[in-house]
**Q** 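Below: one structure in structure tokens.
In what follows, every heavy atom counts, from backbone to side chain, and hydrogens, waters and symmetry copies are set aside.
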Amino acid sequence: MTTLLIGPADKTVTITVQQRTRTAPQDAFHILAPIDLPTVFRPVAPFPGISSVKNQTEAWDHAGPRRSPQFDDGSQADEELTEYVPGSSFAYQLTGFTNVLSRLAVGIRGEFNVNPDGDGTLIRWTYEFKPLPGRRWILAGPFTPLWRRYMVAALDRCIHVIETKDNSAQALLRAG
């Protein structure tokens, strides 16, 4: 059983980005949920990219799996998939940081929502930071615009992967 990091009484710092894709929601979700982290999480100064993932316990398609993203600066974190609603949303929490985040936050809850948007999909991605005592002002202040820039770049790459895979699948369907 998963113990959730963030509860209703916690005062968190929330950063949300969103982007649209012309890909259908079901297709976008099935590409997004298990996406290859090193492909989309590249360095955006001052933050490192993800170079690999270690110790994944099982497929990333239901609540419960765990893994350890490895950052290209030599640091790492622990990640657990805490919620999974097929075709709609998934959430995860990150803890055990070995980089500067270990001095700013107890952990992070991330959530992706995939929603119909006309003929395509609106993808909304939220990071909710649970600050360490006395660190909220750093996360809510100078950290936020830098992290938002990191998220926007990663979501742009997610959309690129989604649309590239979707176009490949459509071409196969037309050829078949």
Side-chain angles (χ1 to χ4, degrees), residues 1-19 29 32-58 60 62-85 88-115 122-161:
M1 181 75 172
T2 298
T3 301
L4 294 179
L5 174 71
I6 297 173
D10 289 319
K11 301 244 187 273
T12 61
V13 175
T14 303
I15 303 169
T16 301
V17 297
Q18 66 182 29
Q19 190 167 336
F29 181 86
L32 179 64
I35 204 159
D36 180 59
L37 298 182
T39 299
V40 297
F41 290 96
R42 297 185 187 149
V44 176
F47 304 110
I50 294 177
S51 57
S52 66
V53 175
K54 290 187 176 178
N55 306 320
Q56 186 161 328
T57 59
E58 50 195 305
W60 209 249
H62 62 282
R66 298 170 188 263
R67 61 188 179 188
S68 297
Q70 307 293 302
F71 299 99
D72 57 18
D73 66 355
S75 64
Q76 66 179 31
D78 299 318
E79 182 179 22
E80 180 180 4
L81 191 56
T82 58
E83 298 170 38
Y84 190 91
V85 180
S88 176
S89 67
F90 61 95
Y92 52 94
Q93 55 192 29
L94 294 158
T95 56
F97 292 98
T98 62
N99 57 23
V100 70
L101 283 173
S102 70
R103 295 187 297 278
L104 296 175
V106 175
I108 300 166
R109 179 185 188 275
E111 180 178 343
F112 277 94
N113 288 282
V114 177
N115 300 295
L122 174 67
I123 298 174
R124 186 172 290 121
W125 180 27
T126 300
Y127 253 44
E128 191 176 6
F129 293 84
K130 183 175 181 176
L132 286 166
R135 300 292 195 265
R136 188 177 197 291
W137 71 272
I138 297 170
L139 290 170
F143 181 86
T144 292
L146 297 172
W147 194 261
R148 183 180 315 282
R149 191 175 61 163
Y150 185 74
M151 289 176 70
V152 165
L155 186 54
D156 283 346
R157 286 188 290 274
C158 287
I159 296 297
H160 175 76
V161 169

**Q** List the atom of Ser102, the atom of Asn99, and the distance in Å for their closest heavy-atom pair.
**A** OG-O, 2.8 Å
**Q** Can you tell me if Arg67 uses its side chain to pair, donor with acceptor, with the backbone of Thr57 under 3.5 Å?
**A** no
**Q** Do you see a donor-acceptor pair shorter than 3.5 Å between the side chains of Ser75 and Asp73?
**A**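 Distance-only check passes for Ser75 and Asp73.
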**Q** Pro38 and side chain to side chain contact (heavy atoms under 4.5 Å, CB included): which partner among Val40, Ile35, Asp36?
**A**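 Of Val40, Ile35, Asp36, side chain to side chain contact (heavy atoms under 4.5 Å, CB included) with Pro38 is met by Asp36 alone.
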**Q** So Phe71 and Thr98, do their side chains get closer than 4.5 Å, heavy atoms only?
**A**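 In short, these two side chains do not touch, never coming nearer than 4.5 Å.
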**Q** With the side chain counted from C-beta on, respond yes when Val17 and Arg148 share a heavy-atom pair under 4.5 Å apart, and no when they do not.
**A** yes
**Q** I need the Ile50 CD1 to Ser68 OG distance, nearest 0.5 Å.
**A** 11.0 Å
**Q** Between CD of Gln19 and NE2 of His160, what distance do you get to the nearest 0.5 Å?
**A** 12.0 Å
**Q** Which pair of non-hydrogen atoms, one from Arg103 and one from Arg135, has the smallest distance, and what is that distance?
**A**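 Minimum heavy-atom contact is O-NE, 2.9 Å.
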**Q** From Met151 CE over to Thr144 OG1, what is the distance, rounded to the nearest 0.5 angstrom?
**A** 10.5 Å
**Q** Determine whether a donor-acceptor pair (N or O, by modelled atom type, separation under 3.5 Å) exists between the side chain of Gln93 and the backbone of Ile6.
**A** no
**Q** Look only at the side chain of Thr82 and the backbone of Ala91, and say whether a donor-acceptor pair between them is shorter than 3.5 Å.
**A** yes
**Q** Is the shortest heavy-atom distance from the side chain of Glu128 to the side chain of Thr14 under 4.5 Å?
**A** yes
**Q** Measure the spacing between CG of Leu101 and CD1 of Ile108 and express it to the nearest 0.5 Å.
**A**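 Separation between the atoms: 5.0 Å.
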**Q** Taking all non-hydrogen atoms of both residues into account, name the closest pair between Phe29 and Val85 and its distance.
**A**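 Nearest pair, atom of Phe29 first, then Val85: CZ-O, 3.6 Å.
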**Q** Phe112 versus Leu155: any side-chain heavy-atom pair under 4.5 Å?
**A**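 Answer yes - side chains close enough.
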**Q** Where do Leu37 and Glu79 land on the side-chain contact (heavy atoms from CB on, under 4.5 Å) test, with the steps shown first?
**A** CA-CA 12 Å; Leu37 298 182; Glu79 182 179 22; 4.0 Å; yes
**Q** Would you compute the distance between atom CD1 of Ile15 and atom CH2 of Trp125 and round it to the nearest 0.5 angstrom?
**A** 10.0 Å
**Q** To check you understand the geometry: which heavy-atom pair defines the closest contact between Ala105 and Leu139, and what is its length?
**A** CB-CD1, 4.3 Å
**Q** Going by heavy atoms in the side chains, are Phe97 and Leu104 under 4.5 Å from each other?
**A**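 Counting from C-beta outward, Phe97 and Leu104 never come under 4.5 Å.
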**Q** So Val152 and Asp156, do their side chains get closer than 4.5 Å, heavy atoms only?
**A** yes
**Q** Would you please indicate if the ring centroids of Trp60 and Phe90 are separated by under 6.0 Å?
**A**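 Trp60 vs Phe90: aromatic centres not under 6.0 Å.
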**Q** Any sub-3.5 Å donor-acceptor pair from Arg136's side-chain atoms to Pro133's backbone N or O?
**A**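 Between the backbone of Pro133 and the side chain of Arg136 there is no qualifying donor-acceptor contact (under 3.5 Å).
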**Q** Could you give me the CA-CA distance, side-chain angles and deciding distance for Glu111 and Asn113, then say whether side-chain contact (heavy atoms from CB on, under 4.5 Å) is met?
**A** CA-CA 7 Å; Glu111 180 178 343; Asn113 288 282; 3.0 Å; yes
**Q** Using side-chain contact (heavy atoms from CB on, under 4.5 Å) as the criterion, list what pairs up with Val106, not counting sequence neighbours.
**A**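 Expected list: Leu5, Lys130, Leu132.
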**Q** Determine whether the aromatic ring centres of Phe143 and Tyr150 lie less than 6.0 Å apart.
**A**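 So the answer is no for these two rings.
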**Q** Testing the basics here: between Gly107 and Thr95, what is the closest heavy-atom pair and its distance to 0.1 Å?
**A** CA-CG2, 4.3 Å
**Q** Would you find a donor on one side and an acceptor on the other, under 3.5 Å apart, between the side chain of Asp72 and the backbone of Gly49?
**A**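 Flag set: sc Asp72 to bb Gly49 pair under 3.5 Å.
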**Q** Look up atom CD1 in Ile123 and atom SG in Cys158, then write down how far apart they are to the nearest 0.5 Å.
**A** 7.0 Å
**Q** Are the side chains of Gln76 and Asn55 in contact, using a 4.5 Å heavy-atom criterion?
**A**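 No; the side chains remain at least 4.5 Å from each other.
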**Q** What pair of heavy atoms forms the shortest contact from Leu81 to His62, and how long is it?
**A**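 Closest pair (atom of Leu81, atom of His62, distance): CD2-O, 3.1 Å.
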